[in-house]
Amino acid sequence: MLKYKALRGTQDILPEEMPLRRQLEETVGRKMKFYNYLEIATPTFEHTGLFVHSTGADTEIVEKQMYTFLDKGGRSLTLRPEGTPPVVRTYIEHSLGMKKPLQKLFYSGAMYRQENPQAGRLRQFHQFGAEAIGSIAPALDAEVIALFLDICEDLGLKELSLQLGSIGCPGCRPPYREKLLGFFADKYDLLCANCRERHQRNPLRILDCKNPSCRRMTEDAPSMLDYLCDDCARHFQELKAHLNTLDIEYRINRRLVRGLDYYTKTVFEVVSPQLGAQDALGGGGRYDGLIEELGAKPTPAVGFAAGIERILLAMEKEDCPSPELCHPKVYVASMEEEAKRLAVRLLQKLRTKMISADTDYLDRSLKSQMRAANNLKVVYTVIIGQEELNKGKALVRNMESSQQEEVEIENLCDYLVQVLNQNQ
RNA sequence: GUGAGUGUAGCUCAGUCAGGUUAGAGCACCAGGUUGUGGCCCUGGUGGUCGGGGGUUCAAGUCCCCUCACUCACCCCA
């Protein structure tokens, strides 16, 4: 029995799974470039207070999901549970707003939340995300949404649903909240246990309950969308207009609620019907109050975060094309000491000429070496033994055609470079 | 944190209901069939404290308890 296993909710990524991840990473980087978002990276741990004051002290994430610890100086630190607060902290700390009025940034990395793991939900998981800080333009909300959908489509995902909503601003949300409380006043006893708790703390969340009876009850509950202030309503209208011009389909979700405190106005979620319970591939929205909340001058912003493992799951379910592991081009099979020394020299030369190559380090029979070459799917196998050494030549076998010919040992490398280039 | 289901070879799984020789198959891996040539085929081999611990029994992969992990769902969210 293995003494130490990967911790609950963490995952080893094996060689076969890497190509697909790399592809995703490459797609993200490429698309971000086209939309002019620049990459940044922030530390994996921060002062605990950063998340308490941005994500929100009352949120599930901060209340019970953070990996928080004291360092030797007695400071409370936390492994980042999400990417937005660190990015905003960086934006403020390095006065990025002074360098450019609008900063468009993206990141990709591991996040940590101590939840109960299930399909599409890990304790260490990976997110990429974009944050556009400095503009209130609804067109920017649309760009951020378009960017995320563009990435998903480039990866081959087809069955996606964009859920759109608005949760207002500090101006219009409190009055709406009162309205909602009024609506539930005579229904309190009919709510499920969870919702009764929500009633005290965050009544908006009742709208998000999946309990069928709560659902039915909230059907004709007032929606935030009907109580938006003029500013928020106009913003929402303009965003929808922009999405229409971009031919982006969306579904208005009158009860879309986010679990993070900093959202204002626009909220959205991209959902895959392939996925089951954890079906949100990504989500985001506007957070016009966060920068000020963290001590800088008021600055509007909008962004999204996406779950890499969830996207990977969805790609698998939709049979998206996945890149193959790459194979070396040449295998050098050799017998006897002298030939093996020659093989090592040849390998070195090939590699400096940018040709991937490998050989046998297990002192196996020629037959085994040929099998190894076959499993590696190489294009050519070079065979060097005593006979060849005597002649000063080596055999070069084309693995597909099974044709092989003798080549002067001195010319081996140049010969292989030449034939491999012809093939391409 | 709660509920249900599942843990047998590197992988996919038989065997568990009705306890009883030395725990099996396919794939993968290794070797041989050709004393120097891959794929297909044939033969053989390596590999398991049956998730872990405890209990019942003459006897436990099989029954009971605990524990850990995974899966699904609640919850939450990416």
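First the proteins, then the strands, lettered A, B, ... as listed; each starts at 1. Please read these numbers as outputs of a predicted model, since none were measured by experiment.
Atom pair A:Lys64:NZ and B:rC75:C1' shows a separation of 8 Å (rounding to whole Å applied). Spacing between atom CD of A:Glu131 and atom P of B:rA78 amounts to 11 Å, rounded to whole angstrom units. Between A:Gln369 atom CD and B:rG32 atom P the separation is 11 Å, expressed in whole Å. Rounded to a whole Å, the CG atom of A:Asp279 is 14 Å from the P atom of B:rC76. A:Gln278 places its CD atom 12 Å from the P atom of B:rU71, with the value rounded to the nearest Å. Distance A:Gln114 CD to B:rC76 C1': 14 Å, rounded to the nearest Å. The CZ-C1' distance, from A:Arg113 to B:rC77, rounds to 6 Å in whole Å. The distance between atom CG of A:Leu157 and atom C1' of B:rA78, rounded to the nearest whole Å, is 14 Å.
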For nucleotides 9-13 of chain B, give me every protein contact, N/O to N/O, under 3.5 Å, one pair per line with atom names.
none

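Taking CD from A:Glu309 and CZ from A:Arg21, the interatomic distance works out to 4.5 Å, rounded to the nearest 0.5 Å. Separating the CD1 atom in A:Ile308 from the CZ atom in A:Phe125 is a distance of 10.5 Å, to the nearest 0.5 Å.
Using a 4.0 Å heavy-atom distance criterion, A:Ser365 is classed as a sugar-phosphate-only contact. When heavy atoms are screened at a 4.0 angstrom cut-off, A:Ala373 is found touching no nucleic acid atom at all.
Pair assignment for B:rU37: none, as no Watson-Crick or G-U wobble contacts are both less than 3.5 Å. If you check B:rU56 for Watson-Crick or wobble pairing at under 3.5 angstrom, you find it has no partner at all. When both pairing distances are held under 3.5 Å, B:rU49 makes no Watson-Crick or G-U pair with any nucleotide shown. The nucleotide B:rA18 finds no pairing partner, because no Watson-Crick or G-U wobble arrangement with both distances shorter than 3.5 Å includes it. Across all strands shown, B:rA73 forms a Watson-Crick or G-U wobble pair with B:rU2, both key distances being under 3.5 Å. The partner of B:rC11 is B:rG26, by the rule that a Watson-Crick or G-U pair needs both atom distances under 3.5 Å.
Considering A:Val332, A:Val407, A:Val330, A:Leu350 as possible partners of A:Leu412, the one that fulfils the side chain to side chain contact (heavy atoms under 4.5 Å, CB included) test is A:Val407.
With a 6.0 Å radius and a threshold of 12 heavy atoms from other residues, nucleotides or ligands, A:Lys377 has its NZ atom at or below the threshold. Within a 6.0 Å radius of CD in A:Glu63, more than 12 heavy atoms belonging to other residues, nucleotides or ligands are found. Heavy-atom contacts from other residues, nucleotides or ligands closer than 6.0 Å to CZ of A:Arg8 number more than 12. Taking a 6.0 Å sphere around CZ of A:Arg30, one finds it holds more than 12 heavy atoms contributed by other residues, nucleotides or ligands.
For residues 7-23 of chain A, proximity to RNA chain B is found at A:Arg8, A:Gly9, defined as any non-hydrogen atom under 4.0 angstrom from a strand atom. Residues from residues 120-130 of chain A placing a heavy atom under 4.0 Å of any atom in RNA chain B, listed by number, are A:Gly120, A:Arg121, A:Leu122, A:Phe125, A:Gln127.
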Run A:Thr55 and A:Glu82 through side chain to side chain donor-acceptor pair (under 3.5 Å) and show every step you take.
CA-CA 8 Å; A:Thr55 309; A:Glu82 56 144 340; 2.7 Å; yes
Kindly determine whether A:Glu115 and A:Arg121 satisfy salt bridge (charged side-chain N to carboxylate O under 4.0 Å, His left out), including the steps that lead there.
CA-CA 8 Å; A:Glu115 294 190 83; A:Arg121 192 166 78 185; 3.5 Å; yes
What's the verdict on salt bridge (charged side-chain N to carboxylate O under 4.0 Å, His left out) for A:Glu25 and A:Arg22, showing C-alpha distance, side-chain angles and the deciding distance?
CA-CA 5 Å; A:Glu25 212 171 276; A:Arg22 285 259 184 259; 3.4 Å; yes
Could you go through A:Arg397 and A:Gln404, starting from their C-alpha distance and side-chain angles, then the distance that decides it, and tell me whether this counts as side chain to side chain donor-acceptor pair (under 3.5 Å)?
CA-CA 4 Å; A:Arg397 183 180 180 86; A:Gln404 58 186 39; 2.9 Å; yes
Do A:Glu60 and A:Lys64 pass the salt bridge (charged side-chain N to carboxylate O under 4.0 Å, His left out) test, and can you show the C-alpha distance, the side-chain angles, and the key distance before you say yes or no?
CA-CA 6 Å; A:Glu60 195 92 357; A:Lys64 36 191 175 182; 3.3 Å; yes
Heavy-atom protein contacts under 4.0 Å, nucleotides 35-46 of chain B, coded B base, S sugar-phosphate only, - none
-BBBB-------
Table please: side-chain donor-acceptor pairs of residues 315-325 of chain A below 3.5 Å, with sequence neighbours left out.
| residue | atom | partner | partner atom | Å |
| --- | --- | --- | --- | --- |
| A:Glu318 | OE1 | A:Lys158 | N | 2.9 |
| A:Glu318 | OE2 | A:Glu159 | N | 3.3 |
| A:Glu324 | OE1 | A:His327 | NE2 | 3.4 |

Tabulate below the donor-acceptor pairs under 3.5 Å that side-chain atoms of residues 130-152 of chain A make, not counting sequence neighbours, or state none.
| residue | atom | partner | partner atom | Å |
| --- | --- | --- | --- | --- |
| A:Glu131 | OE1 | A:Tyr287 | OH | 2.5 |
| A:Glu131 | OE2 | A:Thr84 | OG1 | 2.7 |
| A:Ser135 | OG | A:Ala137 | N | 2.9 |
| A:Asp141 | OD1 | A:Arg286 | NE | 3.0 |
| A:Asp141 | OD1 | A:Arg286 | NH2 | 2.7 |
| A:Asp141 | OD2 | A:His235 | NE2 | 2.9 |
| A:Asp141 | OD2 | A:Thr266 | OG1 | 2.6 |
| A:Asp141 | OD2 | A:Arg286 | NE | 3.0 |
| A:Glu143 | OE1 | A:Lys104 | NZ | 3.4 |
| A:Glu143 | OE2 | A:Tyr37 | OH | 2.8 |
| A:Glu143 | OE2 | A:Lys104 | NZ | 2.8 |
| A:Asp150 | OD1 | A:Lys31 | NZ | 3.2 |
| A:Asp150 | OD2 | A:Tyr35 | OH | 2.8 |

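Nucleotides B:rC68 and B:rG53, compared at atom C1', are 10 Å apart to the nearest Å. Rounded to the nearest Å, the gap between the C1' atom of B:rC29 and that of B:rC75 is 44 Å. Distance check on atom P: B:rG48 versus B:rU8 gives 15 Å, rounded to whole Å. Spacing of P atoms, B:rG54 relative to B:rC11, comes out at 25 Å, to the nearest Å. To the nearest whole angstrom, the two P atoms, one in B:rA23 and one in B:rG52, are 15 Å apart. Taking the P atoms as reference points, B:rG20 lies 11 Å from B:rC63, given to the whole Å. Using atom C1' as the reference point in both B:rU62 and B:rU56, the two lie 13 Å apart (nearest Å). Comparing the C1' positions of B:rG51 and B:rG61 gives a spacing of 12 Å, expressed to the nearest Å.
Regarding contacts with the backbone of B:rA73, a side-chain N or O of A:Gln118 is found under 4.0 angstrom from either OP1 or OP2.
Ring pair A:Tyr227/A:Tyr176 is tilted by interplanar angle, where 30° to 60° counts as tilted.
Among the nucleotides B:rC76, B:rG1, B:rC77, the one closest to any side-chain atom of A:Ala280 is B:rC77. Closest to the side chain of A:Arg310, out of B:rC77, B:rC76, B:rA31, is B:rC77.
Salt-bridge check for A:Glu46 with A:Arg80: failed, with every basic side-chain N at 4.0 Å or more from each acidic carboxylate O.
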